[in-house]
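Here's the structure, in structure tokens; my notes come after.
Within every chain, numbering begins at 1; the chains are lettered A, B, ... in the order of the sequence lines, protein sequences first and strands thereafter.
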Amino acid sequence: MKLEEITEPLLSWYEENKRDLPWRRDPSPYHVWVSEIMLQQTRVEAVKGYYERFLSALPGIEDLAACPENKLLKLWEGLGYYNRVKNMQKAAKEIVLKYNKEIPADYEKILALPGIGSYTAGAVSSIAFGLKKPAVDGNVLRVISRITENGDDILKQSVKKRVEQELEAVMPEDRPGAFNQSLMELGATVCIPNGMAKCSDCPVSHLCKARANGTVLEYPKKASKKKRRIEEKTVLLIQNGQEYAICRRPDQGLLAGLYEFPNVEGWLTEEEVIRAVEEWKLIPLHIRTAGEAKHIFSHVEWHMKGYVVKVASTEEKEAGNLLFINKKESKGKYAIPSAFSAYRKYIEED
DNA sequence: AATTCGGGGGC
DNA sequence: GCCCCAGAATT
């Protein structure tokens with residue numbers, strides 16, 4: 001089987017079956033770029049709402065380049081992988097300065113921008129500019145591994161590089177964007193993972209080696225993942241009247257630059273919590289438990305126990321690194337990640 | 001080549 | 001519980 005045989009069936013199928021997605025309506029380079037960054041390791045359904053809101057707030061590249069970081073993170077709040085939006089702003093500033101406010105129609109220049117790897121560079125190049133560059137994501141790797149019945153570990157970058165070369169060699173000159181999207185669309189809606197592939201709906205099932213040999217369930221091959229480590233934390237809801245304390249996380253590492261309720265490593269007793277609050281030079285008046293919560297990241301789990309600590313009224317908005325905010329500021333101003341969703345209700349109620 | 005980055009939905 | 005998602009950057 002020659003791989004290029006998939007081109008015509010895929011393109012025809014795509015035109016008939018493609019989903020109506022927000023970023024397919026007006027595929028300007030900026031729109032395609034924003035959508036592709038949001039879609040990195042993130043499902044289409046999760047992105048839709050964020051995409052519309054983001055472009056309403058920042059309709060152009062210059063708006064993105066000039067946006068204050070807190071507002072930017074608030075627009076991304078809950079979407080995850082927050083370096084994506086920071087890198088996107090870096091790239092926007094670079095585009096404004098070096099490329100006269102327009103994304104260059106050049107694969108290598110796009111690839112060199114922060115936050116853009118081979119997949120995103122290929123997607124923007126092909127979809128927004130009609131350049132013949134492949135866009136190989138997890139969908140494409142799964143589809144190709146099944147069609148070719150290839151047992152290599154698709155998590156290896158060497159495999160991704162090889163698939164990119166193979167696809168670039170057989171891509172149609174005229175419709176590279178549609179070709180790339182057809183492979184992803186097939187992977188997302190028909191050739192889906194975990195053994196539920198709908199081969200009867202597949203336009204290239206007659207070319208699929210795994211289908212012919214009944215081995216679809218065995219592909220793609222992936223190396224097993226290592227276990228997550230577990231971190232125990234005590235989360236403090238420090239209440240001063242209608243306001244609660246939050247603090248900014250460090251600029252590097254997990255959830256960098258986002259805000260959180262003050263918390264400490266380990267599970268503290270009430271007495272230890274009282275002492276910890278006094279370390280902030282606050283005067284604890286009353287303490288009660290605020291329940292337990294678990295949050296699972298890709299590589300770590302937080303097992304949290306919470307306490308509500310009412311403190312004596314203080315004039316200061318800030319105490320050390322603490323920042324006292326009200327319900328309105330919590331909802332509209334500061335980005336607090338989903339890891340703390342179990343505890344946000346304390347400030348968002350009352 | 002491995003690890004670190006979020007969060008949610010499906011089974 | 002485990003899987004995976006329109007991946008990229010860092011170590």
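Residue Q41(A) contributes atom CD, which lies 14 Å from atom C1' of dT3(B) at whole-angstrom precision.
Both M184(A) and L113(A) lie close to DNA chain C; mapped to their nearest nucleotides by heavy-atom distance, the more 5′-ward contact belongs to M184(A). Nearest-nucleotide positions on DNA chain B place R229(A) closer to the 5' end than the other of L258(A) and R229(A). For the pair R228(A) and V44(A), nearest-nucleotide mapping onto DNA chain C gives the more 5' position to R228(A). With DNA chain B read from its 5' end, the first of the two nearest nucleotides for S341(A) and Q252(A) is the one closest to Q252(A).
Nucleic acid contact class of G253(A) (heavy atoms, under 4.0 Å, all strands): sugar-phosphate only. Counting any heavy atom pair closer than 4.0 Å across all strands shown, T120(A) reaches sugar-phosphate atoms only and no base atom. Using a 4.0 Å heavy-atom criterion, one finds that K160(A) contacts the sugar-phosphate atoms exclusively. Contact annotation for F297(A): backbone-only contact, meaning every heavy-atom pair under 4.0 Å involves sugar-phosphate atoms and none involves a base.
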Query - Dot-bracket encoding per residue of DNA chain B, Watson-Crick/G-U cut-off under 3.5 Å, | denoting interstrand - result: |||||.|||||
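Taking only side-chain nitrogens and oxygens, H299(A) never comes nearer than 4.0 Å to OP1 or OP2 of dT4(B). Between S338(A) and the phosphate of dG8(B), there is a side-chain N or O to OP1/OP2 separation shorter than 4.0 Å.
Between S145(A) and N150(A), the side chains place no donor N or O within less than 3.5 Å of an acceptor N or O (distance only, hydrogens not considered). If you check the side chains of R84(A) and T42(A), you find a donor sitting under 3.5 Å from an acceptor. Side-chain polar atoms of Y30(A) and E102(A) form no donor-acceptor pair below 3.5 angstrom. Checking W280(A) against N321(A) by side-chain atom types alone, a donor-acceptor pair falls below 3.5 Å.
Connectivity analysis of hydrophobic side chains (ILVMFWY, heavy atoms under 4.5 Å, direct or indirect) links W267(A) to nothing; its cluster partners are none.
Between dA6(C) and dT3(B), the two P atoms lie 25 Å apart (nearest whole Å).
The list of ring pair (Phe, Tyr, Trp, His ring centres under 6.0 Å) pairs with a residue in residues 1-25 of chain A, not counting sequence neighbours, reads W23(A)-Y51(A).
Remark: side-chain polar atoms of R248(A) are not paired, donor with acceptor, to backbone N or O of A256(A) under 3.5 angstrom. Remark: the backbone N or O of I325(A) is not paired with any side-chain donor or acceptor of E243(A) at under 3.5 angstrom. Distance alone, capped at 3.5 Å, places no donor-acceptor pair between the H303(A) side chain and the E232(A) backbone. A donor-acceptor pair under 3.5 Å is absent between the side-chain atoms of E94(A) and the main chain of L113(A), judged by distance alone.
Taking a 4.0 Å limit (strictly below) on heavy-atom distances, residues 123-157 of chain A reaches DNA chain B at Q157(A). Against DNA chain B, the stretch residues 69-91 of chain A makes heavy-atom approaches under 4.0 Å through G78(A), L79(A), G80(A), Y81(A), Y82(A). Contacts of residues 55-66 of chain A with DNA chain B (heavy atom under 4.0 Å): none. Looking at residues 16-40 of chain A, you'll see R19(A), L21(A), W23(A), R24(A), E36(A), L39(A), Q40(A) sit with a heavy atom under 4.0 Å from some atom of DNA chain C.
With sequence neighbours excluded, the residues forming a side chain to side chain contact (heavy atoms under 4.5 Å, CB included) with P193(A) are R142(A), listed by chain and number. Judged as a salt bridge (Lys or Arg N to Asp or Glu O under 4.0 Å), and not counting sequence neighbours, the contacts of E260(A) are R249(A). For E8(A), there are no salt bridge (Lys or Arg N to Asp or Glu O under 4.0 Å) partners two or more places apart in sequence or in a different chain.
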Listed pairs, N/O of protein and of nucleotides 9-11 of chain B, under 3.5 Å:
none

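No continuous path of ILVMFWY side-chain contacts below 4.5 Å connects M171(A) to Y107(A), so the two sit in separate hydrophobic clusters. Note on W302(A) and Y81(A): separate hydrophobic clusters, where clusters join Ile, Leu, Val, Met, Phe, Trp and Tyr whose side-chain heavy atoms are under 4.5 Å apart, directly or indirectly. Linking ILVMFWY side-chain heavy atoms closer than 4.5 Å, directly or via other members, places V140(A) and V190(A) in a single hydrophobic cluster.
The side-chain tip of K221(A) points at the ring of Y219(A) from less than 6.0 angstrom away and within 45° of straight on.
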Query raised in the report: So E36(A) and Y119(A), side-chain hydrogen bond (donor to acceptor under 3.5 Å, both in side chains) or not? Walk me through it.
Result: CA-CA 9 Å; E36(A) 292 300 344; Y119(A) 163 75; 2.6 Å; yes
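Using cut-offs of 30° and 60° for the angle between ring planes, the F297(A) and H295(A) rings count as perpendicular.
Note that CD1 of I144(A) and CG of L186(A) are 9.5 Å apart. Values are rounded to the nearest 0.5 Å.
The nucleotide range of DNA chain C contacted by chain A, defined by atoms under 4.0 angstrom from heavy atoms of the protein and reported 5' to 3', is dC3(C) to dA9(C).
For the pair E185(A) and N17(A), the tightest heavy-atom approach, listed with the atom from each and the gap, is OE2-O, 4.1 Å.
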